[in-house]
Visitor: 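Handing you a structure now.
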Amino acid sequence: MENVVIIGTGPAGYTAAIYAARADLKPLILTGSQPGGQLTTTTDVENFPGFPEGVMGPDLMFKMQEQAMKFGARIDFKTVETINRNEDGTFDIICGAETIQSKTVIVASGASARYLGLPGELELTKGGAGLTACATCDGAFYRDVPVCVIGGGDSACEEATFLTKFASKVYLIHRRDELRASKVMAKRALEHEKVEMIWNSTIGEYLLNDEGKIKGVKLVNTVDGSESELPVNAVFMAIGHTPNTGFLNGLVELDESGYAIQLPGQTATKTPGIYAAGDVADTQYRQAITAAGQGCAAALEAERYIADQED
Ligand code: NAP
């Protein structure tokens with residue numbers, strides 16, 4: 001029987017692990033399919049306190065992992081299929097053929113990139129066909145060719161700016177006539193000579209060459225419905241994320257967008273013994289530092305819960 005199983009290895013999961021391990025709870029961390037979480041797909045993190053020169057996302061996650069393991073946290077590269085609550089209040093965490101039992105669970109499973117929902121998207125994300133949600137991972141494959149980014153938030157601006165290192169031209173396609181991104185990120189993208197903004201537009205169709213790779217997109221004007229073609233070799237999605245809560249299977253109350261609902265002022269959910277921390281429950285801030293803060297709170301709450309149960 002584990003004391004604490006932490007699902008997810010972003011800033012929330014690792015911070016929960018550091019605190020739970022230092023409380024001698026010997027937490028078990030389950031990584032899921034993207035060890036290190038979303039920060040492993042970004043470059044410079046300039047707003048995490050303590051790093052005045054900035055820190056690379058993957059390096060920050062590696063340091064957090066190292067710190068958690070130093071205090072006795074264990075890591076297992078498993079993906080959780082579902083969780084069941086037993087009559088005695090403990091949990092069965094199902095990972096394929098294996099069932100892990102635990103007194104508490106900290107859900108820090110984050111969120112996944114959203115796609116437009118156009119036909120054939122899944123196929124186009126494979127084998128370098130040109131559709132991706134990670135400029136850091138795939139940007140370097142598109143040197144000296146035109147690419148586009150879709151979205152109007154900080155991610156879209158950050159990705160567009162990053163892609164100028166490689167691409168000959170970066171089109172930033174946004175469905176409205178105003179960016180959602182912060183002023184500093186927007187300015188950086190819009191002022192770059194390689195970035196061209198395409199306002200009031202979305203993608204209606206991916207245009208493919210004979211090898212099934214993207215050779216352009218059909219743009220649809222969101223105001224008058226007019227259509228045009230834009231030649232690009234890759235499309236980078238930056239239209240937000242969906243919380244990874246599907247595996248909770250009704251065990252935790254979710255809001256209409258699928259985010260885990262926490263009790264006011266806590267990370268505890270309505271289900272005793274289950275805590276939610278980070279992007280999986282955060283519709284507002286979605287920052288590494290706020291996720292880390294929630295991970296800390298979740299570990300402290302789980303520790304108190306276990307002590308109360310033992311009393
Ligand atoms: P976001 O702020 O939710 O922005 C998503 C963008 O995609 C919005 O502009 C939205 O358009 C657009 N969009 C959504 N669905 C769409 C659809 N179906 N078709 C076309 N466009 C669609 O997401 P984000 O940019 O990933 O940022 C998430 C959070 O992370 C934010 O809090 C952000 O500040 C933070 N972040 C910070 C940094 C940094 O500081 N280094 C970097 C990246 C992200 P509308 O504007 O019309 O809704």
Side-chain angles (χ1 to χ4, degrees), residues 10-12 34 37-61 110-119 121 131-137 139 148-164 170-190 195 197-206 217-223 225 227 230 232 235-244 255-259 278-294:
Q34 193 183 2
Q38 289 178 65
L39 276 187
T40 57
T41 67
T42 125
T43 48
D44 276 330
V45 180
E46 294 175 337
N47 50 13
F48 200 87
F51 297 91
E53 309 301 331
V55 58
M56 298 298 276
D59 291 349
L60 180 62
M61 297 327 297
S112 295
R114 250 190 241 143
Y115 286 81
L116 288 170
L118 295 173
E121 278 187 330
L131 180 61
T132 166
C134 179
T136 315
C137 320
C148 69
V149 176
I150 179 154
D154 280 337
S155 299
C157 290
E158 188 177 54
E159 305 242 312
T161 307
F162 176 75
L163 288 166
T164 58
V170 182
Y171 297 98
L172 181 50
I173 303 168
H174 183 37
R175 63 183 176 185
R176 292 188 292 134
D177 62 358
E178 191 188 357
L179 291 172
R180 175 183 295 276
S182 59
K183 283 207 171 67
V184 59
M185 304 283 258
K187 190 166 179 276
R188 217 175 273 169
L190 294 179
V195 176
M197 197 68 220
I198 301 181
W199 299 108
N200 294 320
S201 296
T202 187
I203 295 173
E205 190 184 333
Y206 302 105
V217 293
K218 186 180 277 178
L219 291 176
V220 181
N221 188 295
T222 53
V223 178
E227 293 182 352
L230 181 71
V232 287
V235 178
F236 290 83
M237 282 291 142
I239 60 166
H241 291 80
T242 303
N244 298 320
D255 73 7
E256 67 283 356
S257 306
Y259 286 87
D279 282 13
V280 76
D282 183 357
T283 55
Q284 271 201 65
Y285 307 111
R286 294 179 284 193
Q287 301 298 302
I289 188 66
T290 50
Q294 289 208 342

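Ligands are counted one by one from 1 in listed order, and the atoms in each one are counted from 1 as well. Just the heavy atoms: all of them, side chains too, but no hydrogens, waters or symmetry mates, feed the values below.
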Visitor: Rounded to the nearest 0.5 Å, what separates atom CG in D154 from atom OG in S182?
Guide: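 One finds 3.5 Å between CG of D154 and OG of S182.
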
Visitor: If you measure from CG on L230 to CD1 on I198, what distance do you get to the nearest 0.5 Å?
Guide: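 Atom-to-atom, L230:CG and I198:CD1 are 4.5 Å apart.
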
Visitor: Under a 4.0 angstrom heavy-atom cut-off, which atoms of ligand 1 come close to S155?
Guide: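 Ligand 1 atoms under the 4.0 Å threshold to S155: 24 (P), 25 (O), 26 (O), 27 (O), 43 (C), 44 (C).
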
Visitor: Within a distance under 4.0 Å of any heavy atom of E158, pick out the atoms of ligand 1 and give their elements.
Guide: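 Selected atoms, number and element: 41 (N), 42 (C), 43 (C).
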
Visitor: In the protein, which heavy atom is nearest to atom 23 (O) of ligand 1, and how far is it?
Guide: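 Its nearest protein heavy-atom neighbour is G240 CA, 3.8 Å.
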
Visitor: Touching ligand 1 at all, H174? Heavy atoms, strictly under 4.0 Å?
Guide: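 Yes, H174 has heavy atoms under 4.0 Å from ligand 1.
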
Visitor: Tell me, which protein residue and heavy-atom name are nearest atom 36 (N) of ligand 1, and how many Å apart are they?
Guide: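 Answer for atom 36 (N) of ligand 1: D154 CB, 3.7 Å.
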
Visitor: At what distance, to the nearest 0.5 angstrom, does CH2 of W199 lie from CD of E178?
Guide: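 Spacing of CH2 (W199) from CD (E178) equals 8.0 Å.
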
Visitor: Please state which protein non-hydrogen atom is closest to atom 48 (O) of ligand 1 and give its distance, to 0.1 Å?
Guide: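 Going by distance alone, atom 48 (O) of ligand 1 is nearest to R180 NH2, 2.6 Å.
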
Visitor: Name the closest protein heavy atom to atom 3 (O) of ligand 1, giving the residue it belongs to and the distance to 0.1 Å.
Guide: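 Here the closest protein heavy atom is R286 NH2, 3.9 Å.
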
Visitor: Any chance you could measure Q287, atom CD, to D279, atom CG, to the nearest 0.5 Å?
Guide: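 Taking CD in Q287 and CG in D279, the distance rounds to 8.5 Å.
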
Visitor: So which bit of L179 gets within less than 4.0 Å of ligand 1, heavy atoms only: side chain, backbone, both or neither?
Guide: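 Neither; no heavy atom under 4.0 Å.
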
Visitor: Which ligand 1 atoms, with their elements, are less than 4.0 angstrom from a heavy-atom of N47?
Guide: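 Answer for ligand 1: 40 (O).
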
Visitor: May I ask you to decide if H241's main-chain N or O and R114's side chain share a donor-acceptor pair within less than 3.5 Å?
Guide: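 Checked: pair present.
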
Visitor: Could you check whether any side-chain heavy atom of I150 comes within less than 4.5 Å of a side-chain heavy atom of Y171, counting everything from C-beta outward?
Guide: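 Sidechains of Y171 and I150: no contact.
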
Visitor: Just by modelled atom types, is the Q38 backbone N or O under 3.5 Å from a matching donor or acceptor in the T40 side chain?
Guide: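 No; zero donor-acceptor contacts below 3.5 Å.
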
Visitor: Tell me, please: is Q284 in heavy-atom contact with ligand 1, that is, under 4.0 Å?
Guide: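 The answer is no: ligand 1 sits nowhere under 4.0 Å from a heavy atom of Q284.
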
Visitor: Against ligand 1, does Q287 come closer than 4.0 Å with any heavy atom?
Guide: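 Contact present.
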
Visitor: So does R175 get a backbone contact from the side chain of T222, meaning a donor-acceptor N/O pair under 3.5 Å?
Guide: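 At least one qualifying donor-acceptor pair exists.
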
Visitor: List the closest protein heavy-atom neighbour of atom 39 (C) of ligand 1: residue, atom name, distance to the nearest 0.1 Å.
Guide: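 Minimum-distance protein heavy atom for atom 39 (C) of ligand 1 reads M185 CE, 3.6 Å.
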
Visitor: Quick one: which ligand 1 atoms are inside 4.0 Å of a heavy atom on G153?
Guide: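 Matching atoms, with element in brackets: 4 (O), 6 (C), 9 (O), 25 (O).
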
Visitor: In the protein, what heavy atom is nearest to atom 14 (C) of ligand 1, and what distance, to one decimal place, separates them?
Guide: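 Ranking protein heavy atoms by distance from atom 14 (C) of ligand 1, first comes I239 O, 3.4 Å.
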
Visitor: Just by distance, do the side chain of N200 and the backbone of N221 share a donor-acceptor pair under 3.5 Å?
Guide: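 Here the side-chain-to-backbone pair does not exist.
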
Visitor: With heavy-atom distances below 4.0 Å as the criterion, list the atoms of ligand 1 near G152.
Guide: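 Going through ligand 1 atom by atom, the ones under 4.0 Å from G152 are 6 (C), 7 (O), 8 (C), 9 (O).
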
Visitor: Looking at A238, which atoms of ligand 1 are within less than 4.0 Å of one of its heavy atoms?
Guide: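 With A238 as reference, the close atoms of ligand 1 come out as 6 (C), 7 (O).
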
Visitor: Going by the order shown, which atoms of ligand 1 are within less than 4.0 Å of some heavy atom of R176?
Guide: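 Answer for ligand 1: 45 (P), 46 (O), 47 (O).
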
Visitor: Short question: side chain of S257, backbone of Y259 - any donor-acceptor pair under 3.5 Å?
Guide: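 Here the side-chain-to-backbone pair does not exist.
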
Visitor: Tell me, please, which residues at least two apart from L118 pass side chain to side chain contact (heavy atoms under 4.5 Å, CB included).
Guide: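 Once residues adjacent in sequence are excluded, the partners of L118 under the side chain to side chain contact (heavy atoms under 4.5 Å, CB included) criterion are L116, E121, I203, Y206.
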
Visitor: Report, in ascending order of atom number, the atoms of ligand 1 lying under 4.0 Å from any heavy atom of Y285.
Guide: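 With Y285 as reference, the close atoms of ligand 1 come out as 32 (O).
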
Visitor: Among all residues two or more places apart in sequence or in another chain, which pass the salt bridge (charged side-chain N to carboxylate O under 4.0 Å, His left out) test with R286?
Guide: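 R286 satisfies salt bridge (charged side-chain N to carboxylate O under 4.0 Å, His left out) with no residue once adjacent residues are dropped.
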
Visitor: Specify the protein heavy atom at minimum distance from atom 19 (N) of ligand 1: its residue, its atom name, and the distance to 0.1 Å.
Guide: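 Result for atom 19 (N) of ligand 1: L116 CD2, 3.5 Å.
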
Visitor: Considering R175, E159, R114 one by one, which has a heavy atom nearer to atom 18 (N) of ligand 1 than any of the others?
Guide: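 Going through R175, E159, R114 one by one, R175 has the nearest heavy atom to atom 18 (N) of ligand 1.
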
